[in-house]
Protein chains: 2
Amino acid sequence: MENKEKGSKEKQILAAAEQEFLTMGYDGARTTSIARRAGVTHAMLHYYFRTKEQLFERIVDEKFSAMSHSMFAIMGDPSLPVLERIIGGVESHFDFVAENPLLPRFVINEIVARPEHCDILHKRIAHVVGALYRELQLEIDRAAENGEMERVDVRMLFISIMSMNIFTFLAYPFMEPLMGELMADREQFLKKRKAENVETILRRIKKQKDVV
Amino acid sequence: MENKEKGSKEKQILAAAEQEFLTMGYDGARTTSIARRAGVTHAMLHYYFRTKEQLFERIVDEKFSAMSHSMFAIMGDPSLPVLERIIGGVESHFDFVAENPLLPRFVINEIVARPEHCDILHKRIAHVVGALYRELQLEIDRAAENGEMERVDVRMLFISIMSMNIFTFLAYPFMEPLMGELMADREQFLKKRKAENVETILRRIKKQKDVV
DNA sequence: GAATTGTTTAACAATTTTGTTAATGCAAAA
DNA sequence: TTTTGCATTAACAAAATTGTTAAACAATTC
């Protein structure tokens with residue numbers, strides 16, 4: 001055999017398909033292009049995955065579950081104090097999105113284009129998410145009672161966190177040329193942006209008194 | 001003539017194309033489907049716009065400029081005090097996106113797919129945006145000197161505002177089934193979400209002292 | 001080494017989609 | 001009324017894209 005490991009061709013095709021689907025979307029992706037990227041004939045792709053649709057399902061499954069995993073990252077470590085937990089959650093979620101910058105756009109597009117895809121996903125994760133945020137909401141309420149933080153709706157807080165973390169990467173290509181030197185150095189900008197998101201969330205939940 | 005106004009068919013095609021391109025993207029859109037929506041033969045579409053590409057350009061131009069217009073909305077009314085100005089900006093930007101909920105996804109996708117499109121746009125608006133935020137930054141710095149607000153980087157603030165306003169609509173279909181009763185009534189949720197975004201930004205910029 | 005099984009290729013078929021054209025209609029100008 | 005020019009249609013052509021198949025090939029098992 002030419003390829004060391006069994007399934008090497010299959011894996012090559014999957015890797016190429018991931019690239020292609022994430023950047024181009026389902027409609028934009030070409031099976032011939034995927035095959036070319038993978039270095040195989042396009043008949044091979046059909047041999048392994050039968051149809052474009054089935055190949056796509058494989059990628060969707062993988063990516064959707066990565067995405068839902070990233071949502072849990074917001075929850076942070078349950079053993080920590082609630083405030084640290086939220087802030088840690090913001091940071092780890094930011095890091096996750098930074099490592100998978102193409103994922104949000106892909107997920108959003110696929111959901112709009114094929115709502116049926118996420119029905120399945122939602123059924124799988126809805127109750128877990130529900131349980132998690134109920135638990136965290138209790139902690140928040142308790143901390144709020146003690147005057148340690150503002151009483152906030154944890155779901156609203158999640159939306160804010162995801163908004164700021166995800167949008168940073170969604171809009172990067174659009175904003176970059178408009179922001180002058182601020183975004184010139186990507187690494188540095190992301191560091192600043194992460195700190196800004198943390199600060200913004202922190203101020204949202206900290207008990208504070210107006211000076212003015 | 002059958003159609004009252006001149007250019008009625010042309011307008012019908014443009015409206016149908018807008019619908020189709022915004023929801024399906026360039027690759028997902030079908031010229032035959034656009035023609036069907038518009039109630040004309042697909043040859044008519046080619047007669048008026050020659051190619052799918054040219055029809056698409058028309059829509060892109062229109063939508064990109066709407067999008068850049070929405071960025072200016074964040075700036076608010078220059079005659080007002082800076083704090084009101086920012087808050088008013090958040091609100092009017094939110095309202096704009098609420099009226100054009102498909103726009104952000106479209107713009108983001110087109111930019112990733114065809115960076116050359118936004119080069120043109122950026123050249124048109126970069127200096128205006130630059131001037132506007134320099135002006136607002138001065139106001140912020142002045143207010144900060146007087147202890148009326150925090151000293152913040154206006155560009156970072158814009159990113160936060162756009163993040164929270166836009167993401168609300170981007171992720172709506174994904175979040176809705178996960179959020180229980182919170183998002184069940186769209187109107188009510190959007191009202192809450194707008195208030196939440198305002199509150200978050202307000203807390204980010206207000207001079208505050210920790211209680212804890 | 002013969003049979004079996006899974007892999008690979010090249011050629012081809014089917015379909016979808018975009019784009020063209022030649023013929024027709026229709027309204028206003030000459 | 002004839003002509004001119006735009007609008008419209010239906011049929012067709014071209015291209016791209018997905019999917020199939022039969023045959024060759026390689027590896028493994030018996």
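The figures that follow rest on heavy atoms only: side chains count, while hydrogens, waters and symmetry mates do not. Note on naming: letters A, B, ... go to the chains in the order of the sequence lines (proteins, then strands), and numbering restarts at 1 for each one.
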On the nucleotide [N], are OP1 or OP2 found under 4.0 Å from the side-chain N or O atoms that [X] carries?
{"X": "A/Y47", "N": "C/dG6", "answer": "no"}
{"X": "A/T31", "N": "D/dT18", "answer": "yes"}
{"X": "B/T41", "N": "D/dT9", "answer": "yes"}
{"X": "A/K9", "N": "C/dT8", "answer": "yes"}
{"X": "B/R30", "N": "C/dT18", "answer": "yes"}

- Query: Counting any heavy atom closer than 4.0 Å, what does A/A29 reach on the DNA or RNA strands: base, sugar-phosphate only, or nothing?
  - Reply: sugar-phosphate
May I have the distance from [X] (atom [atom1]) to [N] (atom [atom2]), rounded to whole angstrom?
{"X": "B/L55", "N": "C/dT17", "atom1": "CG", "atom2": "P", "answer": "16 Å"}
{"X": "A/M44", "N": "C/dA10", "atom1": "CE", "atom2": "C1'", "answer": "13 Å"}
{"X": "B/L45", "N": "C/dT21", "atom1": "CG", "atom2": "C1'", "answer": "17 Å"}
{"X": "A/E10", "N": "C/dG6", "atom1": "CD", "atom2": "C1'", "answer": "12 Å"}
{"X": "A/R50", "N": "D/dT21", "atom1": "CZ", "atom2": "C1'", "answer": "11 Å"}
{"X": "B/Y26", "N": "D/dA16", "atom1": "OH", "atom2": "P", "answer": "13 Å"}

- Check ion pair B/R155-A/E176 (N to O, under 4.0 angstrom): no
Identify which nucleotide among [options] has an atom closest to any side-chain atom of [X], counting heavy atoms from C-beta outward.
{"X": "A/H46", "options": "C/dG19, D/dT20, D/dT9", "result": "D/dT20"}
{"X": "A/A43", "options": "D/dT8, D/dT20, C/dT18", "result": "D/dT20"}
{"X": "A/T51", "options": "C/dT7, D/dG19, D/dT9", "result": "D/dG19"}
{"X": "B/K52", "options": "C/dT8, C/dT18, C/dA11", "result": "C/dT18"}
{"X": "A/H42", "options": "C/dT18, D/dT18, C/dT8", "result": "D/dT18"}

Are the aromatic rings of [X] and [Y] close, with centres under 6.0 Å apart?
{"X": "B/F56", "Y": "B/Y26", "result": "yes"}
{"X": "A/F21", "Y": "A/F106", "result": "no"}
{"X": "B/F94", "Y": "B/F169", "result": "yes"}

- Task: Classify the side-chain pair A/Q19/A/T23 by whether it contains a donor and acceptor separated by less than 3.5 Å.
- Result: no
